[in-house]
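For reference, the structure is listed below as structure tokens.
Within every chain, numbering begins at 1; the chains are lettered A, B, ... in the order of the sequence lines, protein sequences first and strands thereafter. FYI, side chains are in, hydrogens and waters are out, and symmetry mates aren't considered; it's all heavy atoms of this structure.
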Amino acid sequence: MRIIRGALVIVFLVAACILAACSPEEHQQPVPVTRTQHSPPVTGDAIVEGTIGEASTLIPVLASDSASHAVAGQIYNGLVKYDKNLTIVGDLAQTFDISPDGLTITFHLRKGVTWHDGSPFTARDVLYTHRIIIDPKTPTAYAEDFKQVKTISAPDDHTIRVTYEKPFAPALASWGTGILPAHLLEGKDITKSPLARKPVGTGPYRFTEWVAGQKIVLDANPTYFEGRPYIDRYIYRIIPDTSTMYMEMKAGAIDLMNLTPVQYARQTSSRLFSSRFNKFRYPSSGYLYMGYNLRHPLFGDKRIRQAITAAINKDELIQGVLFGMGQKAHGPIVPGRWAYNPNVRDIAYDPKHAAELLAQAGWREKNADGILIRNGKPFQFTILTNQGNQQRLMSAQIIQQRLKYVGVDVKIRIVEWATFLKEYIDKGKFEVVMLGWNISQDPDMYDIWHSSKTNPGELNFVGFKNAEVDRLLVEGRGTFDIEQRKKAYFRIQEILADEQPYTFLYVPDSLPVVSARIRGVEPAPAGLGHNQIKWFVPKNEQVY
Amino acid sequence: MARYIIQRILMLIPLMLGITLITFTVIHLAPGEPVEMQVAMNPKVGKEARERLRKFYGLDKPLHEQYVTWVGKLARLDLGRSFSSDNRPVVDKIKERLPVTISLNIIALLLEFGLAIPIGIMAATHRDTWLDKGITVFVFVGFAVPTFWLALLLMYFFGVKLNLLPISGLHSLGSANFGTVQYLWDLAKHLIMPVMVASFGSLAGLSRYMRSTMLNVIGQDYITTARAKGLSERTVIYKHALRNALLPLITLLGFSIPGLIGGSVIFETIFAIPGMGQLFYQGAMSRDYPVVMGILVIGAFLTLIGNLVADVSYALADPRIRQGGG
């Protein structure tokens, strides 16, 4: 009995302590040592990155999730890569030339590169990677770009020559795919290969350990062709919950993670926090949009789409949903990319203008509830979005409110992702969807906007058809000349801004945070990872 | 007796077949396909790639054919390979997660019973006093508090503020180089918070149950008799009353056993514990048929075995059952 009573007292005490813990954080923990700003790079220590999803396979051509590609990116190299300014440069290829007619690309491979197991890297590995990707038996999602290849050959061990039927601009970037070790895979079933869990690559980090559901550990590759990374170990810790990850970071167990807007804006502003961590902020490569089903009679009229856009206050969305951590979108290209057209005339927030446009389209009278009516029918539609994305839901709710002011009655419906795709998107059974696109560095967007891609299961599910855009899309992917491509994509952005098949809402910011003990982190248009092998921790601050 | 057992075991076969049929139908009735989940909304994936993936997973074959293939493999104790892009055998995926889930559940279960029984007894013996009321408030607070909220507060307090306990996961980095004692201590420290949170929520039901059965027993004539004999209150409560009050609780314990292989998604997600709950949830969300069906079938099978064991033990105890009468 006494023990039980004692236990109860302890439990109550603990509860009281927890309540007490909810006080402001400022006066906790001593302020850390002052940091020397200019110390020479040294080797050692480890970096722990928090990731919400676990990788599925570390053979990049088989993986379709971002977590797998993130880890595989440390282990493998492509022939080319994007540098910090998002220009394509050589990676495993020292240099490459494109023939003047744009039909042949020649890659001059680096000499003396070895796989993590010591075998030399040669043209044979490239040929194998290409062969396995186009092999119909390989369950890969990335065959499309490689099917454009007409011939591929290796004149010698360190040269690869690829020819195409017609010039195809996204082709070059497609060679950024991780090259696989032919000597370990040739003649074997790639889907059952042990490399999926124990990869061997050429990259800056070598695979060491994978504890399922917990962590993946990589070690620095001492013979990396661009130089050994300073940081000895790279550890991915799998923590599915962002709040937990945030706590781990505050406790010092995580060095690198992505913050949510509220964490960035409200929970990481203290002096203590900024002495321990560096926060970064740059536009992410994606945008949120509201897509109209253009086959629907209501949305076939351009004026209606423009009116809805004019009735939405995008700044308010960014403030309300992202705590200001984003910028307005007015086209399918993210600001800061070469293909981004800064001079597009966006439809500004102007409810009066919206009302005028609606009146022009025949929506003049309002019923007792203040909803517009035409021929006795109220102006009403449903925004459909997927379950599990709070930002989309909040955006839809704010839009619902705004549209009510101009007399449009909006309902919101949330559907689980698989059902959403199969039953609504693929069948075209929707009025308006709220979705986001993650976009690749290459501006080619043929699959999303070309009129040939409107069949069920294809990505132009809003049914956008515009002859000029079709022509420009083909033109844009059919040349390597940046100026010519720019012209095409600039014009596409103007047309889309006028046509408004989507209301482009916003581009959220990427909000990574890195422990202050890690030096050399340099944000660039490409993000943070571009110079990762140059990151280091000064000797006196190393903890692992 | 042997005949009864054989009969019961033979009965399991059609039952098991029924279970596989229902499992298969239910998961295939859910809209969406595994391939969709992997490649949908990816501009780089063409129609052809989808067809290729569907073919790879055998999804292009008619449903009955898929069912027969799956059951055929199942009969050879092969759960097939996962439809996620790792394509690993389902057995491996379950094997690496089962020990964590089972051990966590057992520890939590022991703690729940270990705490709920004394709390219930205390409440019963101090009926209607401040102690009883205090306990009632306490256990219902535990019942009402959302797990994730409590978990976050505990993490913040013990992990960030006091830096006493690790916040999430099962092992510290570098635990592979620890000695056995240190390794186990590290693991124990990681388990304190999850187990605390898991048990706290279930205290209410169990302790209330214990309290009421205890009160029931204390009101019985034989307790009055025991007291009349002049036995100490201690002996009366712990020797005479408790034993009888425990019986219904043991039945409850029995009911909890099939639940041991299941995990809670919320709880595993927040503490980053790689358990069965997450595996099943992710499997269901990505329509990974073999994983979902595998876990369901194992769960159903364990329940069947549990029932069989229970029935057989009843039969051993009660001749009326094994003779097929009464």
Measure A:T242 against the heavy atoms of chain B and call it side chain, backbone, both or neither at under 4.5 Å.
neither
Choice from A:G213, A:S174, A:P240, A:A46 maximising heavy atom contacts with chain B below 4.5 Å:
A:P240
Taking side chain as everything from C-beta outward and backbone as N, CA, C, O, which of these in A:V48 sits under 4.5 Å from a heavy atom of chain B? Side chain, backbone, both or neither.
side chain
Filter on salt bridge (charged side-chain N to carboxylate O under 4.0 Å, His left out), then keep only pairs touching residues 51-69 of chain A, sequence neighbours left out; what's left?
A:E54-B:R97
Checking heavy atoms, do the side chain of A:T138, its backbone, both or neither come under 4.5 Å from chain B?
both
Could you check whether atom CD1 of B:I266 has more than 12 heavy atoms from other residues, nucleotides or ligands sitting under 6.0 Å from it?
no
Identify the two heavy atoms, one from B:A272 and one from A:I238, that lie closest to each other, and give their separation to 0.1 Å.
CB-O, 3.7 Å
Distance col, row B:T269:OG1 vs A:I239:CD1, nearest 0.5 angstrom, shows 12.0 Å
When heavy-atom pairs shorter than 4.5 Å are enumerated against chain B, which of A:E209, A:M445, A:Q214 gives the highest number?
A:Q214
Within a radius of less than 6.0 Å around NZ of A:K147, do more than 12 heavy atoms belonging to other residues, nucleotides or ligands occur?
yes
For residues A:Q387 and B:M285, determine if any side-chain heavy atom of one lies less than 4.5 Å from a side-chain heavy atom of the other.
yes
Looking at B:Y281, I'd like to know if its OH atom is crowded, meaning that more than 12 non-hydrogen atoms belonging to other residues, nucleotides or ligands lie closer than 6.0 Å.
no
Under 4.5 Å between any side-chain heavy atoms of A:K192 and B:R81, yes or no?
yes
Most contact-rich option vs chain B, by heavy-atom pairs under 4.5 angstrom, among A:G252, A:A63, A:P139, is A:P139
Please rank A:V217, A:I235, A:T419 by heavy-atom pairs under 4.5 Å with chain B and give me the top one.
A:T419
Where on A:A196 is there a heavy atom nearer than 4.5 Å to chain B: the side chain, the backbone, both, or neither?
neither
Which region of B:Q278, side chain (C-beta onward) or backbone (N, CA, C, O), has a non-hydrogen atom less than 4.5 Å from a non-hydrogen atom of chain A, or is it both or neither?
side chain
Under a 4.0 Å N-O cut-off, is there an ion pair linking A:E144 with B:R52?
no
Nearest heavy-atom approach of B:I167 to A:T244 is CG2-CG2, 4.0 Å
Under a 4.5 Å cut-off applied to non-hydrogen side-chain atoms, are A:M247 and B:S168 in contact?
no
A:Y544 versus chain B, heavy atoms under 4.5 Å apart: side chain, backbone, both or neither?
side chain
Heavy-atom cut-off 4.5 Å, strictly under: side chain, backbone, both or neither for A:K215 against chain B?
side chain
Please flag which part of A:D135 lies under 4.5 Å from any non-hydrogen atom of chain B: side chain, backbone, both or neither.
backbone
Heavy-atom distances under 4.5 Å only: say whether A:E423 touches chain B with side chain, backbone, both or neither.
side chain
Interface moiety of A:I52 toward chain B, non-hydrogen atoms closer than 4.5 Å:
neither
Please find the pair of heavy atoms, one from A:D241 and one from B:I270, that lie closest to each other, and give the distance.
CB-CA, 4.0 Å
Shortest non-hydrogen contact between A:S56 and B:D86, atoms and distance
O-CB, 2.8 Å
Please identify, among A:L58, A:L62, A:T191, the residue contributing the most non-hydrogen atom pairs under 4.5 Å to chain B.
A:T191
